[in-house]
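As structure tokens, the structure follows; a few thoughts come after it.
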Amino acid sequence: MENKPEESLDNTPENTGIEPVTNQRDAQTAETESSSSVEDSVSIESEQSETTEPIRPIQLPIVEPKNKKTPWLWALLVLALFVIADGVYYYAGILNKPKDEAKVQTVATSSPSPTPSISAENIVSSVKDLKLQGKIAPIVKSDKTSGETDGGVNVYGAYPYQIDGKKFANDPLNVYGTGTLGLASVAKSDFSALQSYLEDEGFSQMKDEPYAALITEPDQELVYLSTKVLCQIKYTHSTKSTADDADMASISCADLSSYEAASTVLQPFYDAYVASVKPAGGPATYLKAPLATNDGMDGYMNASLGISTVGSPFDSSEGFFYQEAGRDWTYVRSSQDGLYCDWLTTDTMKKAFNGQPCYDSTTKKQSIVSA
């Protein structure tokens with residue numbers, strides 16, 4: 001017979017807190033219930049696991065915060081880009097602002113310098129800037145259309161030009177000119193410089209220049225035209241063998257508007273001349289400047305001006321005209337010796353030329369017209 005170990009007082013029901021099993025059936029029942037309880041617990045846990053498994057991705061704690069924070073991150077990113085762009089625009093505006101203000105201020109406070117209009121006077125006055133080699137020719141005698149040195153050498157003068165629509169050529173009302181003196185080589189060099197100067201200013205050389213045949217070597221003459229100005233340049237060789245510095249380069253310029261204004265003034269005299277002389281076809285008539293008018297008696301007037309044909313300036317003569325008060329001009333005659341007293345055959349003519357000098361063919365002396 002085996003000896004059973006002695007039960008400890010610590011295993012008593014009172015000490016363990018577990019009720020004693022009264023019999024084997026109760027024990028089995030308890031075991032069965034315990035097993036069933038365990039299975040039920042496992043089954044519940046399994047069901048809970050199967051129930052929560054499909055929605056687990058939605059309830060993940062990591063996914064939900066990301067979905068909430070991402071819109072804010074995009075908003076912050078867009079806001080940051082906007083702030084950066086705005087800052088770049090602002091500072092770019094600051095950097096450019098002084099330049100823009102300076103430009104605006106320049107436009108507002110100052111106007112562009114006007115381009116000097118091309119005129120005969122401006123063209124001639126600018127010749128001094130060409131640094132020509134010769135010395136400036138001293139002009140001591142001049143009128144509106146010509147200038148001479150103290151030795152009587154013509155430096156510049158009028159050149160005839162025919163305005164479109166007119167049947168005659170005429171001198172302008174005003175001519176501007178200057179010239180230089182020096183050795184032949186110096187004067188020729190200045191002549192070439194004047195030619196280049198006009199071409200640089202947009203002038204074109206006149207073709208078929210009507211007075212070209214009158215120029216003999218070694219003298220030279222060229223005529224240039226722009227849309228507003230006519231200029232003539234000349235090289236003149238001295239005929240004085242002892243005057244080494246007498247060769248001359250010169251320029252004469254006149255505004256085309258001056259030619260046109262003169263043609264308007266001269267038109268009545270051309271009409272009177274044509275009505276009396278009735279010239280046949282041929283070179284156009286050339287009415288020279290200056291036009292001289294004088295008062296006669298009782299509102300009568302007289303006038304004189306040079307008349308020739310284009311291309312033959314040396315064959316010119318002085319034409320005389322008179323006008324009765326309120327009437328058109330009437331042509332009398334032309335002469336290279338002035339007015340003849342015996343031309344004035346009527347009282348009207350004598351009243352118009354009253355007080356003017358005339359040549360008396362009978363006495364061979366100068367006389368004064370008396371009405």
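What you see is a predicted model, and the numbers here were worked out from it, not measured in a lab. Computation of the quantities below employed the complete heavy-atom set of this structure, encompassing side-chain atoms and omitting hydrogens, waters and symmetry-equivalent molecules.
With a 4.5 Å cut-off on side-chain heavy atoms, Tyr156 and Ile251 do not count as touching. Looking at heavy atoms from C-beta onward, Met301 lies out of side-chain contact with Tyr322 at the 4.5 angstrom threshold. With contacts defined as side-chain heavy-atom distances shorter than 4.5 Å, the pair Thr145/Leu173 does not qualify. With a 4.5 Å cut-off on side-chain heavy atoms, Cys253 and Ile123 count as touching. At least one side-chain heavy atom of Ser316 sits under 4.5 Å from a side-chain heavy atom of Lys288. By the 4.5 Å heavy-atom criterion applied to side chains, Leu194 and Val127 are counted as neighbours. Within the 4.5 Å cutoff, the side chain of Val274 has no heavy atoms near those of the Thr285 side chain. Tyr161 is not listed as a side-chain neighbour of Val223, based on a closest heavy-atom distance of 4.5 Å or more.
A distance-only check finds a donor-acceptor pair linking the side chain of Asn170 to the backbone of Tyr259 [under 3.5 Å]. Remark: the backbone N or O of Ser185 is not paired with any side-chain donor or acceptor of Ser189 at under 3.5 angstrom. In this structure, Gln323 contributes its side chain and Arg327 its backbone to a donor-acceptor pair below 3.5 Å. Judged purely by atom type and a 3.5 angstrom limit, Thr149 uses its side chain to pair as donor or acceptor with the backbone of Val153. In this structure a side-chain-to-backbone donor-acceptor pair under 3.5 Å is present from Ser196 to Ser192. Between the side chain of Asp255 and the backbone N or O of Ser258 there is no donor-acceptor pair closer than 3.5 Å. Under the 3.5 Å distance criterion, the side-chain polar atoms of Asp190 are matched with a main-chain donor or acceptor of Gln133.
Side-chain polar atoms of Tyr286 and Gln162 form no donor-acceptor pair below 3.5 angstrom. With no hydrogens or angles considered, a side-chain donor-acceptor pair links His237 and Asp247 at under 3.5 Å. Side-chain N/O atoms of Ser119 and Asn122 include a donor and acceptor closer than 3.5 Å. Side-chain contact check for Tyr159 and Glu209: at least one donor-acceptor pair (N or O, by modelled atom type) lies under 3.5 Å. For the 3.5 Å distance criterion, the side chains of Tyr224 and Gln232 fail to qualify, holding no donor opposite an acceptor.
Shown here is Asp347, whose CG atom has no more than 12 heavy atoms of other residues, nucleotides or ligands within 6.0 Å. Remark: Lys365 NZ is loosely packed, at most 12 non-hydrogen atoms of other residues, nucleotides or ligands lying under 6.0 Å away.
Screening Thr293, Asn294, Asn354 against Asn302 for a side-chain hydrogen bond (donor to acceptor under 3.5 Å, both in side chains) leaves a single residue, Asn294.
The hydrophobic cluster containing Tyr331 also contains Leu305, counting ILVMFWY residues as joined when their side-chain heavy atoms lie under 4.5 angstrom apart, directly or transitively. Tracing side-chain contacts under 4.5 Å through hydrophobic residues (I, L, V, M, F, W, Y), one never reaches Val155 starting from Tyr176; they form parts of separate clusters. Hydrophobic clustering of Ile, Leu, Val, Met, Phe, Trp and Tyr side chains at less than 4.5 Å, counting indirect connections, unites Leu291 with Tyr270. Linking Ile, Leu, Val, Met, Phe, Trp and Tyr residues whenever their side-chain heavy atoms come within less than 4.5 Å leaves Tyr273 and Tyr340 in two separate clusters. Both Val369 and Tyr359 are members of a single hydrophobic cluster when ILVMFWY side chains are connected at heavy-atom separations under 4.5 Å.
Taking each heavy atom of Ser334 and Gly319 in turn, the nearest pair found is OG-CA, 3.4 Å. Taking each heavy atom of Ser367 and Asp360 in turn, the nearest pair found is CB-CB, 4.5 Å. Closest non-hydrogen pair, Gly147 versus Ile139, comes out as CA-CG2, 3.9 Å. Residues Ala249 and Ala187 approach most closely at CB-O, 3.4 Å, considering heavy atoms. Nearest heavy atom pair, residue Gly338 against residue Trp343, reads O-CH2, 3.8 Å. In this structure, Met206 and Leu230 approach most closely via the heavy-atom pair CE-CD1, 3.9 Å.
By the ring-ring contact (aromatic ring centres under 6.0 Å, His included) test, Phe203 pairs with no residue at all, sequence neighbours left out. Under the rule for a side-chain contact (heavy atoms from CB on, under 4.5 Å), the partners of Pro138 that lie at least two apart in sequence or sit in another chain are Leu181.
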> What do the steps show when you test Leu256 against Glu260 for side-chain contact (heavy atoms from CB on, under 4.5 Å), and what is the final call?
Replying inline: CA-CA 6 Å; Leu256 295 185; Glu260 185 172 6; over 6 Å; no

>> Please evaluate residues Glu318 and Gln336 with respect to the criterion side-chain hydrogen bond (donor to acceptor under 3.5 Å, both in side chains), reporting the C-alpha separation (whole Å), side-chain torsions for both, the decisive distance (0.1 Å), and the verdict.
In response: CA-CA 6 Å; Glu318 186 177 13; Gln336 293 181 340; over 6 Å; no

>> With side-chain contact (heavy atoms from CB on, under 4.5 Å) as the criterion, how do Leu222 and Gln205 come out once you've worked through the C-alpha distance, each side chain's angles and the decisive distance to 0.1 Å?
In response: CA-CA 7 Å; Leu222 294 174; Gln205 186 176 344; 3.1 Å; yes

>> Walk me through whether Lys234 and Met248 qualify under side-chain contact (heavy atoms from CB on, under 4.5 Å).
In response: CA-CA 8 Å; Lys234 296 174 67 176; Met248 180 171 60; over 6 Å; no

> After noting the C-alpha distance and the side-chain angles of Val229 and Ser226, does the key distance pass the side-chain contact (heavy atoms from CB on, under 4.5 Å) rule?
Replying inline: CA-CA 5 Å; Val229 179; Ser226 73; 3.7 Å; yes

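Separating the CD atom in Glu324 from the OG1 atom in Thr346 is a distance of 9.0 Å, to the nearest 0.5 Å. Interatomic distance, OG of Ser257 versus CD1 of Ile163, reported as 9.0 Å (0.5 Å rounding). Residue Asn154 holds its CG atom at 8.0 Å from OG of Ser250, rounded to the nearest 0.5 Å. Atom OG of Ser361 and atom CG of Asp337 lie 10.0 Å apart (nearest 0.5 Å). Thr330 OG1 to Asp271 CG: the interatomic distance, rounded to the nearest 0.5 Å, is 12.0 Å. Distance check: Gln366 CD to Cys341 SG gives 7.5 Å after rounding to the nearest 0.5 Å.
Note: Trp329 and Phe269 meet the aromatic proximity criterion, with ring centroids under 6.0 Å apart.
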